[in-house]
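First comes the structure, then the notes that go with it.
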Amino acid sequence: MGSVGSVAGKTVFITGGARGVGAEVARRLHAKGARLVLTDLDAAPLADLSGALGGDRVLTITADVRDLDAMEAAAAAAVERFGGIDVVMANAGIATYGSVLQVDPQAFRTLMDVNVMGVFHTVRATLPSVIERRGYVLVVSSLAAYAAAPGLAPYNAAKAAVEHFANALRLEVAHRGVDVGSAHMSWIDTPLVRDTKSDLPTFTEMLSKLPFPLNRTTSVEACGEAFVTGIERRRRQVNCPGWVGALRWLKPLLSTPVGEREVVKFVPDLLPRMDAQVAALGRSMSSRAAELEQR
């Protein structure tokens, strides 16, 4: 199985593996000799990635993380193909647009189903094999679990939820030799963030108004490198960039009047304009996410 900390020969199960951070981590792990099980709802880019990686160390499965049966079938296929699962990365996620008064309630529900129930289904389906292998679970949360942003209440709530899910899971499986981590990223240059910037000029404006360093965007490559290191070292927290880890300790301050002061200054002007842009779009999620919903 390689040296201590090596992923060579290990089987890694990644949801949301077709694009963005999931695909970047997959490429890096594959280059290090890992065997991959990649799931996504979007079949075309998943097939493209599989073709680019090539070889017999990649299994791709089109599956919806909201469907527990589908995730259990994917986990069973992984075990049948590779003998077991050493690492699971619960990564699939979407974002919604608009304030609590503007966001489409169905979009809010869909986000919770994908970002929260999807994590549960992924872990529930893969955990028996991960326990057998005394493996590692990485739940992809966000900086949003530490610092809230206006217009993103559903996303903030979901990422806080899965962080605490990971904390509880860690307590349940530590005695079985399984380590559990949560990943926390600032704004990453992923399709999710690019789609939001394209749809909502006010989102880009909001980012520019957030206090430093919350207004910085990080590359997918830097995030992928941090994730792979976290997987290799079975870390409790994976932070990208590294300063995000400091905000974990500052979290109690961020929701005080002092911590919120700079943000509340721009909300009265910016949030109504953001909601107007959402209303003009006629949707509360990216066009890609909306299209996948209609399939």
Side-chain angles (χ1 to χ4, degrees), residues 16 20-22 24-25 89-91 93-96 99-100 111-112 115-116 119 137-171 179-190 192-194 196-197 202-231 233-267 270-271 274:
V21 173
E24 179 67 19
V25 172
M89 176 174 150
N91 170 69
I94 62 171
T96 56
S99 72
V100 171
L111 181 143
M112 287 295 173
N115 293 17
V116 180
V119 168
V137 176
L138 182 62
V139 172
V140 178
S141 178
S142 170
L143 166 62
Y146 304 151
L152 295 171
Y155 188 81
N156 295 162
K159 292 305 183 180
V162 297
E163 181 205 10
H164 227 38
F165 173 85
N167 292 339
L169 178 66
R170 184 182 301 114
L171 297 173
D179 292 316
V180 178
S182 57
H184 303 269
M185 313 83 69
S186 66
W187 311 105
I188 305 295
D189 187 27
T190 60
L192 184 151
V193 171
R194 290 197 297 270
T196 307
K197 287 181 175 180
T202 46
F203 177 74
T204 302
E205 182 182 343
M206 181 182 73
L207 293 191
S208 71
K209 292 178 179 294
L210 292 174
F212 179 85
L214 300 179
N215 56 3
R216 298 300 185 189
T217 301
T218 304
S219 72
V220 172
E221 291 78 13
C223 189
E225 182 179 2
F227 274 47
V228 170
T229 299
I231 289 169
R233 299 181 183 178
R234 297 165 67 108
R235 284 180 168 163
R236 284 177 172 240
Q237 281 88 33
V238 177
N239 299 301
C240 185
W243 57 257
V244 173
L247 293 187
R248 176 169 173 260
W249 300 103
L250 294 174
K251 183 179 176 181
L253 176 64
L254 297 177
S255 56
T256 66
V258 172
E260 295 171 348
R261 181 172 55 202
E262 294 304 311
V263 176
V264 298
K265 287 179 182 178
F266 65 74
V267 167
L270 188 141
L271 193 62
M274 178 182 285

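Values below: all heavy atoms of this structure, side chains included; hydrogens, waters and symmetry mates excluded. No experiment lies behind these values; they were computed from the predicted model shown.
- In terms of modelled atom types and a separation under 3.5 Å, the side chain of Ser141 and the main chain of Lys159 share a donor-acceptor contact.
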Steps toward side-chain contact (heavy atoms from CB on, under 4.5 Å) verdict (Arg170, Asn167): CA-CA 5 Å; Arg170 184 182 301 114; Asn167 292 339; 3.1 Å; yes
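- In this structure, the side chains of Pro150 and Phe266 come closer than 4.5 Å at one or more pairs of heavy atoms.
- Contact detail for Leu254 and Glu260: the closest heavy-atom pair is O-CG, 3.4 Å.
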Criterion side-chain contact (heavy atoms from CB on, under 4.5 Å) on Phe203 and Val193, from CA distance to verdict: CA-CA 9 Å; Phe203 177 74; Val193 171; 4.2 Å; yes
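- At least one side-chain heavy atom of Ser142 sits less than 4.5 Å from a side-chain heavy atom of Tyr155.
- Within the structure, salt bridge (charged side-chain N to carboxylate O under 4.0 Å, His left out) pairs that include any residue of residues 205-219 comprise Glu205-Arg273 (at least two apart or interchain).
- Here the closest non-hydrogen pair linking Thr96 and Pro154 is OG1-CG, 3.4 Å.
- Judged by distance alone, the side chain of Arg194 and the main-chain N or O of Asp189 form a donor-acceptor pair under 3.5 Å.
- Taking every heavy atom of both residues into account, Val263 and Pro211 meet most closely at CG2-CD, 4.5 Å.
- Applying the salt bridge (Lys or Arg N to Asp or Glu O under 4.0 Å) test to Arg234 and every residue at least two apart in sequence or in another chain returns Asp179.
- Contact of the Val180 side chain with the Arg236 side chain is not registered, since no non-hydrogen atoms from C-beta on lie closer than 4.5 Å.
- The two atoms that bring Ala157 and Met112 nearest to each other are CB-CE, 3.7 Å, heavy atoms only.
- Inter-residue side-chain proximity for Lys197 and Leu207 is flagged as met; some heavy-atom pair is nearer than 4.5 Å.
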In a table with atom names and distances, give each donor-acceptor pair under 3.5 Å that connects a side chain of residues 217-231 to protein atoms at least two apart or in another chain.
{"residue": "Thr218", "atom": "OG1", "partner": "Ser186", "partner atom": "OG", "Å": "3.4"}
{"residue": "Ser219", "atom": "OG", "partner": "Ala222", "partner atom": "N", "Å": "3.0"}
{"residue": "Thr229", "atom": "OG1", "partner": "Glu225", "partner atom": "O", "Å": "3.1"}

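- Aromatic ring centres of Trp249 and Tyr146 lie farther apart than the 6.0 Å criterion allows.
- Residues Ala147 and Asn156 come closest through the heavy atom pair O-ND2, 4.4 Å.
- Distance alone, capped at 3.5 Å, is enough to place a donor-acceptor pair between the Thr196 side chain and the Leu192 backbone.
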Check against side-chain contact (heavy atoms from CB on, under 4.5 Å), Asn115 and Ile94: CA-CA 7 Å; Asn115 293 17; Ile94 62 171; 3.8 Å; yes
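- Checked options Asn239, Val238, Val140; the residue passing with Met185 is Val140 (criterion: side-chain contact (heavy atoms from CB on, under 4.5 Å)).
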Worked check of side-chain contact (heavy atoms from CB on, under 4.5 Å) between His184 and Cys240: CA-CA 6 Å; His184 303 269; Cys240 185; over 6 Å; no
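- Scanning both residues, Ser182 and Ala166, for their nearest heavy atoms gives CB-CB, 4.2 Å.
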